[in-house]
Amino acid sequence: MQLPEFEYIRPKSLAEGLQALAEHGPDAQIMSGGSDLLINMKFRLDTPKYLVSFNDVAELKAMETLPDGGMQIGAGCTLTQLAGSGELEDKYPALHDAVFSVGSKHVRNAATIGGNICLDTRCWYTNQSEHWRETRDGCFKTDTEECHVIKTAAKCHAINSSDSAPALMVLGATVVLASAKGERELPIVEFYNDDGVDHTVMQPGEFLARVLIPPPTGRSIYAKLAQRDGLDFASGTFAAGIVGSNESPESVCLVMGSVGPAPKVLDKSIEIIMGQGLNDDTIEAAALAARASLGEVTNLFTPSGYKRRLVKALVKDALNELRDKEA
Ligand SMILES: Cc1cc2nc3c(=O)[nH]c(=O)nc-3n(C[C@H](O)[C@H](O)[C@H](O)COP(=O)(O)OP(=O)(O)OC[C@H]3O[C@@H](n4cnc5c(N)ncnc54)[C@H](O)[C@@H]3O)c2cc1C
């Protein structure tokens, strides 16, 4: 499959790249590792006139320990770099395991954390060749106001499959968005929209420049289920973080991934564990609440009944493991 034509812009500095994004607006698209974008371009899902790559900007490839013990990760750090970091593994096991679970070694060598956070949503009907898609009408993601998965849907239900996103959410990370006008920082829990087409709050001209993670304060875990261990996107993921003891936690964050257009914070399950601690009964109740929170259509790649059973099992197993991690 051939790539469509585009003009390649490879700035030498962040400022130069942001200027190119400002100049070309919606005609420009950012390419980092290209491990997802280039496939979407071959499928003609993305046809940017200008492709802006920040891969020559050294400052974006740095991982730093912050004075408070937290970490700053440049958007251009590869997932191989992150997976190989002992500091990341010690401080943030959930994030380490999440990035290590992405694709294969070859994919992680090219893939960046910026690209993983901004990863486009996916749908079984849309992430196909143009020729395949021609056999039916378009959809919200291409050129009509229709969804082939939920016929009555008023929006796109394509899935957010980013592995790093749920882990970063439980760690309380923030992202820094840079543009020619300046920078803004926002918690990653506010970064995603529940809409498969317009799936992040980023505006044309903005670039996700770095991620900031606060110092580690508790225990965290990441669990993923995919059809095969290597190369497959997840059928479901779950990240959990707890500060304090199992009996009386000070804070809890539980996030499901690969179940909808945005990672889902499990409010009801959090309430159960915050109120009664982490024990056999609350783990069962939290897993049931997670399953109930998913609604009818939970994944576009597996039947919804399978997905509901998967979510319950994933949450239960991971919370049991997290409970056993108490020092
Ligand atoms: C075989 C295979 C298996 C895969 N398995 C997984 C998996 O298990 N889990 C998973 O999460 N992903 C998976 N992926 C998808 C992809 O490889 C990763 O998500 C990767 O981290 C994307 O990063 P990238 O740097 O290559 O992004 P790119 O492909 O360059 O970009 C992805 C998207 O993000 C935008 N973007 C990139 N960087 C930035 C930035 N800094 N600021 C703003 N926008 C930006 C691009 O415009 C594009 O829309 C897989 C891909 C393949 C080919």
Side-chain angles (χ1 to χ4, degrees), residues 3 6 8-11 14 17-18 21 24 26-43 45-48 50-55 57 59-61 73-83 95 97-122 127 141 158-168 175-179 183-184 188 191-192 196-211 222 224-237 239 257-258 263 301:
L3 282 168
F6 58 89
Y8 188 49
I9 302 175
R10 194 154 170 147
L14 181 59
L18 296 176
L21 291 180
H24 300 300
D27 287 338
Q29 195 156 357
I30 297 155
M31 186 185 85
S32 292
S35 61
D36 198 65
L37 177 63
L38 293 177
I39 297 170
N40 287 349
M41 285 175 66
K42 288 184 176 179
F43 285 170
L45 290 169
D46 289 303
T47 50
Y50 303 93
L51 212 48
V52 184
S53 160
F54 289 76
N55 288 347
V57 182
E59 69 185 82
L60 298 172
K61 297 183 176 178
I73 305 176
C77 290
T78 64
L79 301 188
T80 295
Q81 207 179 330
L82 267 66
L95 179 60
D97 292 355
V99 296
F100 189 63
S101 78
V102 171
S104 64
K105 192 170 185 185
H106 305 90
V107 172
R108 292 192 296 276
N109 284 346
T112 64
I113 186 71
N116 194 253
I117 294 170
C118 300
L119 179 69
D120 201 359
T121 55
R122 303 171 56 75
N127 288 74
K141 212 147 182 153
I159 302 278
N160 184 320
S161 310
S162 163
D163 276 298
S164 64
L168 286 166
V175 290
V176 177
L177 305 181
S179 73
E183 289 189 347
R184 63 180 173 130
I188 194 166
F191 181 68
Y192 296 104
V197 173
D198 188 16
H199 83 293
T200 75
V201 299
M202 264 189 310
Q203 299 297 316
E206 281 190 315
F207 171 77
L208 191 150
R210 54 192 181 277
V211 189
Y222 187 72
K224 170 172 178 174
L225 207 112
Q227 291 188 3
R228 293 171 298 183
D229 277 347
L231 274 184
D232 274 332
F233 284 89
S235 305
T237 63
S258 297
F301 299 92

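Whatever order the structure lists ligands and atoms in, that order sets their numbers, starting from 1. Heads up: numbering here begins at 1 and tracks the sequence.
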Distance filter under 4.0 Å, heavy atoms only, around ligand 1 gives Q29, I30, M31, S32, G33, G34, S35, D36, L37, I39, A75, L79, S101, V102, G103, V107, A111, T112, G114, G115, N116, C118, L119, S161, S162, D163, M202, F207, L208, K224, L231, D232, F233
Using side chain to side chain donor-acceptor pair (under 3.5 Å) as the criterion, list what pairs up with [X], not counting sequence neighbours.
{"X": "K141", "result": "D120, T121"}
{"X": "E206", "result": "R184"}
{"X": "R210", "result": "E183"}

E59 side-chain N/O to L14 backbone N/O, donor-acceptor pair under 3.5 Å: no
Under 3.5 Å: donor-acceptor pair, side chain of H199, backbone of L119: yes
Evaluation steps, side-chain contact (heavy atoms from CB on, under 4.5 Å), between F233 and N127: CA-CA 13 Å; F233 284 89; N127 288 74; over 6 Å; no
